[in-house]
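Lettering follows sequence order; numbering is per chain, from 1. Just so you know, these numbers use all the heavy atoms, side chains as well, and skip hydrogens, waters and symmetry mates.
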Amino acid sequence: MAVEAPDPGPRTPDDFLMLSLITAPISHAVAAFVGVPAAQVAGLYAAPAKGFAADLALPCFQLAKAKGMAPPALATALVPVVSALPGVTAVAAGPFLNLTLAPTAVATALLPGLTDGRAAVRSTAGAGKKVCVDFSSPNIAKHLAFHHIRSTMIGNALAHCYQAAGWQVTRINFLGDWGTAFGRLIAGWKREGLTLEQLRAAPDQVTFLNDLYVRISKAAKEDAQVEEEARRWSKALEDGDTEARGLWQIFKDASLGEFQRIYALLGVTFDSWKGEAHYEDKMGPLLTELAAKGLLKEDQGATVVDLPTLAGKQFKKPALIKRADGGTLYATRDLTACDDRFAEFAFDRSLYVVDLGQSLHFQEWFAVAKLLGRPFADRLRHVGFGVVLMWNDEPGEGLEPGWAKGRTRAGKTMLLREVLEEAIDRAATVMAEKNPDITGEERARIARAVGVGAVVFNDLKNSRSNDVKFKFEDALNMQGETGPYLQFAHARLCSIERKFAEAHPNAGAGDPALLATEHEKTVLLALARLQAALEKAVDTDEPGALATGLLALAAAIAAWLTSGNGDVEARVLCSDATLAAARLRLVRAAREALGEGLRLLGLIAPERM
RNA sequence: GCGCUGGUAGCUCAAUGGAUAGAGCAUCAGACUACGGAUCUGAGGGUUGCAGGUUCGAGUCCUGCCCGGCGCGCCA
């Protein structure tokens, strides 16, 4: 279920980002000294280079120009100004001002705002704005192959991220439920005298339909009579023939039933399932308008929009609107659906999470939308992504082992369900070894979260334009920068929370000012940077930006918790109940932020694993 | 040919125009009966594809090349 973003109240530029809660006094002091607006300083903070032990760096180049000083001189001059602030130590290092913050100061600035840790992954940047996200969009009567995970989970993560940033989100599954394939399927169905009962009895109804399609296609190739039947059924379907539409509906329902099982496993939902078929009889007005505006032209029998002359020389070919036989193409359908979506949702942005191979298609119809004068033409974004490659040890035929597109070593297309099931099995095996106390249905439930999470995170952690290189051994080795690593950090925090009440039954609320260690500060700073990661994810449509922020948080958490291994007093559950209570506040905030961040990416964070 | 995309450590990838380019995996060495070790600490490992240019400063921006993937008219 979607969680409503808490109302953060009125904001000033200084608290626009959570990190600014810490840097605001610094920015003000520096700005006053230099004589520029504080907001100009606020945008300058950078991460210190590796060799410099500091929390933040302030490059002084631009400020020096404004002040009319040399950068190193300004940095030196700023040292006393900034060091005068409580909880800040400043050191000049050439043209940089390196800032070290006192853990206590960081904690008191941040923790009061994180009584609900989920606030760390919230923003109001998109308040009042609406976005449509078109994602997943599989063809019916075909399996969800492994590569479908990309559009499905990138889109799902973006929908969550936009929502967390204040946008009103509509999730759209633009089903591929139209085309000549269905005429063939109907012809095959009739020819073989199949029944609904037979379909329903199949262990996998999509496999049943897929096999039927393969048989009838083969038959059609060998027998012109069969091909003719398929053509007739395609025509009947287009004409709204009752029997044809009835069978088409059966195929569609059967497919959606299978899809929903996988969407449920992935935790993905949609607000709209309007597919291509929905728009099939609604393209007339658009075609009329295109013609009325003089945008159409006959070319080799087809109807096109001549983009090279109308939209600029960056286009080399016209956009096809209608086939020579009068049938419409998918650019026409996309435009019609877009008009419909704008009429219904008045979106401020509309995302199409579709592989990069279709870049040209989107460039073309976006350009047509512009030529039509659509007010939303510049609000459309093609969110492209790379392909899924699988490692192939034995390609045969003298080929080198290497990455191959979406196929197993046997050359078979990998199904999404198969990959998820194997991932779940492997997760269950690890659990049996690492945590044998968890058994039965609970183990099965958690193994689903961990196995699916491993595959999903593997898909989201890098820039989406990159191809995803999938190796079971890597995605599921459960170590390193993986979904299970994040989930494990979450589970450790949960475990400590469970034990806290027993250890310190009468502890108070916890005073942030008591948090004084470097490990605690690192966790706090990682929490403070999460909001910027979320906003970057939304601005650039890159879920990986949030994934990177969560990895940094989890690493900080793991280092913190492990530091207690050799030192009982460094643990959250230390002997001092007051200190323990303060640490527990950080545990809770971090756990809630991490769990919420994972939810945004589409992972479940179990309390044990 | 044109377009999109990628080229950074052995492998997989990070890096709002900022310092000495960072992580994970793998390798090696450690911590510790461990508030959950599915952990942590450390080491080795780099001419950021090549060549120019802009800039106080370039992995990042510009120009030209090289290599890979994908796309480029009646499928979607």
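Close placement of the A/Tyr352 and A/Phe362 rings is indicated, their centers lying within 6.0 Å of each other. Ring pair A/Phe96/A/Phe61: centre-to-centre distance below 6.0 Å. Taking the six-membered ring for Trp and the full ring otherwise, the centers of A/Phe470 and A/Phe146 sit less than 6.0 Å from each other.
Base pairing analysis places B/rG71 opposite B/rC2; the two distances defining the Watson-Crick or G-U wobble pair are each below 3.5 Å. Across all strands shown, B/rU39 is found opposite B/rA31 as a Watson-Crick or G-U wobble partner, with both distances under 3.5 Å. In this structure, B/rU54 forms no base pair with any nucleotide, since neither Watson-Crick nor G-U wobble geometry is met with both distances under 3.5 Å. Base pairing of B/rG46 is not made with any nucleotide, judged by Watson-Crick or G-U wobble geometry with both donor-acceptor distances under 3.5 Å. Summarising the base pairing, B/rA23 is matched to B/rU12 through a Watson-Crick or G-U wobble pair whose two defining distances lie under 3.5 Å.
For the pair A/Asn462 and B/rU12, the criterion of a side-chain N or O lying under 4.0 Å from OP1 or OP2 is not met. Between A/Ser359 and the phosphate of B/rC4, there is no side-chain N or O to OP1/OP2 separation shorter than 4.0 Å. Distances shorter than 4.0 Å separate some side-chain N or O of A/Tyr485 from OP1 or OP2 on B/rC40. For B/rC75, one of the phosphate oxygens OP1 or OP2 lies less than 4.0 angstrom from a side-chain nitrogen or oxygen of A/Arg323. Checking the phosphate oxygens (OP1, OP2) of B/rC13, a side-chain nitrogen or oxygen of A/Lys469 falls inside 4.0 Å. Between A/Lys536 and B/rA15 there is a side-chain polar atom (N or O) within less than 4.0 angstrom of OP1 or OP2. Between B/rC74 and A/Gln300, no contact under 4.0 Å exists linking OP1 or OP2 to a side-chain N or O. Using a 4.0 Å cut-off, some side-chain N or O of A/Trp403 falls inside it from OP1 or OP2 of B/rU12. In terms of phosphate contacts, A/Thr562 brings no side-chain nitrogen or oxygen within less than 4.0 Å of OP1 or OP2 of B/rA31. Side-chain nitrogen and oxygen atoms of A/Lys434 include at least one within less than 4.0 Å of the OP1 or OP2 phosphate oxygen of B/rA38.
Along RNA chain B, the nucleotide nearest A/Lys317 and the nucleotide nearest A/Trp178 are compared for position; the residue whose nucleotide lies closer to the 5' end is A/Lys317. Nearest-nucleotide positions on RNA chain B place A/Val468 closer to the 5' end than the other of A/Val468 and A/Arg333.
Side chain of A/Ser463 to backbone of A/Asn466: no donor-acceptor contact under 3.5 angstrom is found.
Summarising the local packing, NZ of A/Lys274 is surrounded by more than 12 heavy atoms from other residues, nucleotides or ligands at distances under 6.0 Å.
For A/Asp299 against B/rG73, a side-chain N or O and a base N or O form a donor-acceptor pair under 3.5 Å. Residue side chain A/Asn98 reaches the base of B/rA19 through a donor-acceptor N/O pair under 3.5 Å, judged by distance alone.
B/rG36 has no stacking from A/Phe488 on its base ring, since the centres under 5.5 angstrom apart and planes within 30 degrees of parallel are not both found.
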